[in-house]
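First the structure, in the form of structure tokens, and then the observations on it.
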2 protein chains.
Amino acid sequence: MDIRTLCLGVLSRGDATGYEIKKAFEEGPFGHIHAASFGAIYPALGALSDEGMVLGTEQAQEKRPDKKVFSITAQGRAALDAALLAPPGDDKVRSDFLFILFFANHLPVAHLAGLIDRRIAWYRDTLARMETCGHCAERPGEVFVHGLGLTIYRTAAEYLSANRGRFLDQVSAANHLAAE
Amino acid sequence: MDIRTLCLGVLSRGDATGYEIKKAFEEGPFGHIHAASFGAIYPALGALSDEGMVLGTEQAQEKRPDKKVFSITAQGRAALDAALLAPPGDDKVRSDFLFILFFANHLPVAHLAGLIDRRIAWYRDTLARMETCGHCAERPGEVFVHGLGLTIYRTAAEYLSANRGRFLDQVSAANHLAAE
DNA sequence: AAAGTATATTCCAAATCTATATATGTCGCT
DNA sequence: AGCGACATATATAGATTTGGAATATACTTT
């Protein structure tokens, strides 16, 4: 899914600035669905504007930098709907956390314990935010995707909590064996 | 986590060609942990070779193209261990599937049903492969990460199966309301 | 009063991905 | 027997994307 389609998706739910679109991919409704950076969003908005998919309106602000508010056009909505019909590619994941844990035998047990604890805390915080969010209680698609996210995060947090102790013991044992 | 570290990680488990490293990130042990492409792997191996982190040996093959088998050096192992100590960045996910489902109200119900069914089938196939894989029964880190992956995929497949019917009904209902 | 966070955009080098080219063998299908 | 599809193997050009820095200003915390 290219960035231009992602921006159209955000704008289809309401007007937004580039900055707000970025936030939608961080903490907002698309928080754990798709990542996107400033360096990709702003050029994409420029291209979409040139193609008539969005309309950008500059707004001077008194106590803030000027901002450009973008709104999606009828043509943009049509392009979004067409892009949504294309068969989805495979999910792509990049998890430093899992890569590091994979090599647990390279690391001190205390370091591993810290990594796991911080990750469990992250899940708790994220779940707390997700459970009290309003933006996802309306359209069925949003509710469905949100529910899947909640379910996966709860399961992951439970797995880490339930297996933490045994895992750390096993790493200790393996390290002692290797040291002999 | 940069590609050079990812390559060192794969090579720390045994010698491999660039092609085999790619496979490790597709179906292999790093299958759903981290994505990486040819266009990144080959230049990374070249750089690692220049820096003395890996040793590349060219091997002529009778019935296949020549291949370069890389093996990690002591310096490479040290660099890997150092990189593993750095604090992990946030996980990055890119899911076309979730993005499309989010906009369920833009799509025909039959199309959504197909998307969900294909995704459930993908989970079943992937789980079957993961459950019978040998590479993950040894080191505690690999077992732990593999177990988390299995748990998450099982949960996701169950969520999709359990909520599929209700979701499609809700989309139908919402579409009928909107048509009035 | 300094430091940090938040709003807001832009640019750029470096990293990375996609797609393709090259070469060859095997497998199944018709 | 011939054809396409797929697997092995490397490499590169071109496009995209990332991640960081630069630029402003205002509010909040220390």
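Labels below follow one simple rule: chain letters A, B, ... track the order of the sequence lines, proteins then strands, and each chain is numbered from 1. As a basis for the values below, the full set of heavy atoms in this structure was taken, side chains included, without hydrogen atoms, waters or symmetry mates. All values reported here derive from a predicted model rather than from experimental measurement.
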Query - Under 4.0 angstrom between A:R94 side-chain N/O and C:dC17 OP1 or OP2 - result: yes

Report task. Rounded to the nearest angstrom, tell me the gap between atom CD in B:E20 and atom P in D:dA9. Result -> 6 Å

Requested in this report: Enter the inter-axis angle for the ends of the helix from C:dA1-D:dT30 to C:dT30-D:dA1 (five pairs per end, rounded to 10°).
Outcome: 50°

Query raised in the report: How do B:G39 and A:A40 order along DNA chain D: which one's closest nucleotide is nearer the 5' end?
Result: B:G39

Query raised in the report: Side-chain N or O of B:Y42 less than 4.0 angstrom from OP1 or OP2 on D:dA11?
Result: no

Query raised in the report: Taking CD from A:E58 and P from C:dT10, how many angstroms apart are they, rounded to a whole number?
Result: 8 Å

Query raised in the report: A:L45 has an atom CG; how far is it from atom C1' of C:dA8, in whole Å?
Result: 13 Å

Report task. Return yes if some donor-acceptor pair links the side-chain N/O of A:T73 with the main-chain N/O of A:M53 below 3.5 Å, else return no. Result -> yes

Query raised in the report: With the threshold set at 4.0 Å, does a side-chain nitrogen-carboxylate oxygen contact exist between A:R13 and A:E142?
Result: yes

Query raised in the report: In whole angstroms, how far is the P atom of C:dT16 from the CG atom of B:L6?
Result: 8 Å

Query raised in the report: side chain to side chain donor-acceptor pair (under 3.5 Å) with B:D91: which of A:R119, A:H32, A:R94?
Result: A:R119

Query raised in the report: Just wondering, are more than 12 heavy atoms of other shown residues or ligands nearer than 6.0 Å to CD in B:E58?
Result: no

Requested in this report: May I have the distance from A:F25 (atom CZ) to D:dT17 (atom C1'), rounded to whole angstrom?
Outcome: 14 Å

Report summary line: Judged by nearest nucleotide, the residue sitting upstream toward the 5' end of DNA chain D, A:S37 or B:V69, is B:V69

Query raised in the report: Under 4.0 Å: is that the gap between some side-chain N or O of B:K68 and OP1 or OP2 of D:dA11?
Result: yes

Report task. Round to the nearest Å and state the distance from B:I3 atom CD1 to D:dT18 atom P. Result -> 14 Å

Report task. Remember a base hit wins even if backbone is also touched, and classify B:K92 as base, sugar-phosphate or nothing at under 4.0 Å, heavy atoms. Result -> sugar-phosphate

Report summary line: Result for side chain to side chain contact (heavy atoms under 4.5 Å, CB included) between A:L84 and one of B:L101, B:L107, B:D96 points to B:L107

Query raised in the report: Is a donor on one side and an acceptor on the other found under 3.5 Å between the side chain of B:Y153 and the backbone of B:L127?
Result: no

Query raised in the report: Taking side chain as C-beta onward, heavy atoms only, is A:P29 less than 4.5 Å from B:F102?
Result: yes

Requested in this report: If a pair satisfies ring pair (Phe, Tyr, Trp, His ring centres under 6.0 Å) and one of its residues is in residues 160-180 of chain A, list it, with sequence neighbours excluded.
Outcome: A:F167-B:F144

Report task. Establish, with yes or no, whether the OP1 or OP2 oxygen of C:dT7 is under 4.0 angstrom from a side-chain nitrogen or oxygen of A:T17. Result -> no

Query raised in the report: Across the strands shown, which category fits A:G18 at heavy-atom distances under 4.0 angstrom: base, sugar-phosphate, nothing?
Result: sugar-phosphate

Query - Under 4.0 angstrom between B:Y19 side-chain N/O and D:dT8 OP1 or OP2 - result: yes

**Report entry** Sugar-phosphate, base or nothing in reach of B:K23, heavy atoms under 4.0 Å
**Finding:** sugar-phosphate

Report task. Nearest whole angstrom, please: distance from the P of C:dA15 to the CD1 of B:I41. Result -> 16 Å

Query - Interatomic distance, B:I21 CD1 vs D:dT10 P [rounded to whole Å] - result: 9 Å

